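Okay, structure first, notes after.
In each ligand, atom 1 is the first atom listed, and ligand 1 is the first ligand listed. Throughout, residue positions are numbered sequentially from 1 according to the sequence presented. Note that the structure is a prediction, hence the values are computed from the model and not measured.
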Amino acid sequence: MISATDFIPSQYTHSIEEGNFQWSAPSNIALVKYWGKKDNQIPANPSVSFTLNNCKTITKLAFAKKNTSTALNIKDDFSFDLLFEGQSKEDFKPKIQKFLERIEIYLPFLKDYHFTIDTENTFPHSSGIASSASGMAALAMNLMSLEKVLNPEMTDEYFYQKASLLARLGSGSACRSVKGQVVVWGNHANISGSSDLFGVEFPNAVHANLKNFQDTILLVDKGEKQVSSTVGHDLMHNHPFAERRFAQAHENLDQLISIFESGNLDEFIKIVESEALTLHAMMMTSMPYFILMKPNTLEIINAIWKFRNKTKIPVCFTLDAGANVHVLYPENVAEKVLQFIKNELVGYCQNGQYICDEIGNGAVLI
Ligand code: DP6
């Protein structure tokens, strides 16, 4: 089995003074949710997600070797500038600093360079869509491109596994944004190659019914979340239902393996909606307890159920750690579902805003 120490490099064979890379990495939407973690960003249960296509972070990483003659202690700390859409962004810096500290053991060259990280999202900044998954994945890809220059012999497999491992240390769900289209993160007895350390492409067959899935993200509430994911994960320690929940995630993923093979959309919908509501049930039964859904989240869920009952169109919802609703459906019903969204759901969205996305293939070097 692969262990984290396998990603600690020995001596590099090559060197580079300066240069830059640019990668885009997408967001992802979990079907079986990651909620609860152990030390070092090890998930309490395995999760699986669809990689998205349109909601992306694009990050350019410029690097220049520090001039060691100017100061003796110049290599003692990380040195980086952070730009968001071309403007200096001081408030993102502590998160990046912490990320660099966590990954330094895997990339021992980090203190040798000054970095300029220039990042932008394709989705509106205040949309309430978490940019940490796409953002951390894009940064991890760039750092791996640099490491590949220092060690050109590395395999593609190592490159992508390590990129995902680094992304995980930035934000757990980010490790599922490196690859597409269906990504599993976390050890699962019946998924070969699955690992707590990094995300892997779902190795089994995916039925045509579950390919080209669409995800329309209804922006219900764009405000700052009252409780961050990090705090929410933490509340799974000593949570009265935690152990049962973690076991259930294994069971649900097990069921999804057969569902991906059979393409049974009714069964798919049951698992996906139950996972979304279970995630929020965990929040409501934490101590302290909290609710991230808004009245319009519930209005939308009920409208989807009513529409599905009436039309038999296989459309369902999922939620992440917020009030927004992801509407999931196969491509061949897209026209009807989009009409339904425009007629009946847009009124529940803040400023009528929603984002049309679909399954995608993962990070791309630009
Ligand atoms: C509800 O990956 O944002 O979206 O590891 O603390 O950065 P950290 O948490 P994060 O948690 C995501 C939780 C979720 C479910 C999921 O994406 O699986």
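The distance from atom OH of Tyr348 to atom OH of Tyr354, rounded to the nearest 0.5 Å, is 16.0 Å. Note: Met293 CE to Asn324 CG = 13.0 Å, rounded to the nearest 0.5 Å. Note that the CZ atom of Phe21 and the CE atom of Met144 stand 11.0 Å from one another [nearest 0.5 Å]. Atom OG1 of Thr51 and atom CD1 of Ile29 lie 11.0 Å apart (nearest 0.5 Å).
For the ligand labelled ligand 1, residue Met136 lies outside the 4.0 Å heavy-atom shell.
An N or O contact shorter than 3.5 Å is missing between Ser47 and ligand 1 by distance. Ligand 1 has an N or O atom lying under 3.5 Å from an N or O atom of Ser171, backbone or side chain. The shortest N or O to N or O distance between Asn28 and ligand 1 is not below 3.5 Å. Backbone and side-chain nitrogen or oxygen atoms of Trp35 are examined, and none is located within less than 3.5 angstrom of a nitrogen or oxygen of ligand 1. Not one N or O of Asp320 is nearer than 3.5 Å to an N or O of ligand 1, by distance alone. Considering both main-chain and side-chain atoms, Ser132 never comes within under 3.5 Å of ligand 1 through any nitrogen or oxygen pair.
The side chain of Leu279, and not its backbone, has at least one atom closer than 4.0 Å to an atom of ligand 1 (non-hydrogen atoms only; side chain from C-beta on). Here Ala30 has side-chain heavy atoms under 4.0 Å from ligand 1, and that is the only part of it that gets that close.
For ligand 1, the atoms closer than 4.0 angstrom to any heavy atom of Thr230 are 6 (O). In summary, the atoms of ligand 1 found under 4.0 Å from a heavy atom of Ala321, numbered by their order in the structure, are 1 (C). Those atoms of ligand 1 with a heavy atom of Lys37 less than 4.0 angstrom away are 5 (O), 6 (O), 8 (P). The contact set between ligand 1 and Gly172, taken as ligand atoms under 4.0 Å from a residue heavy atom, comprises 2 (O), 5 (O), 7 (O), 8 (P).
Ring pair Phe213/Phe268: centre-to-centre distance below 6.0 Å. The aromatic ring centroids of Tyr34 and Trp185 lie less than 6.0 Å from each other. Taking the six-membered ring for Trp and the full ring otherwise, the centers of Phe7 and Tyr158 sit less than 6.0 Å from each other.
Contact between Pro26 and Ala363 at its shortest, heavy atoms only, is CD-N, 3.8 Å.
Note on Leu219: it does not cluster hydrophobically with Ile304, by side-chain heavy-atom contacts below 4.5 Å among ILVMFWY residues.
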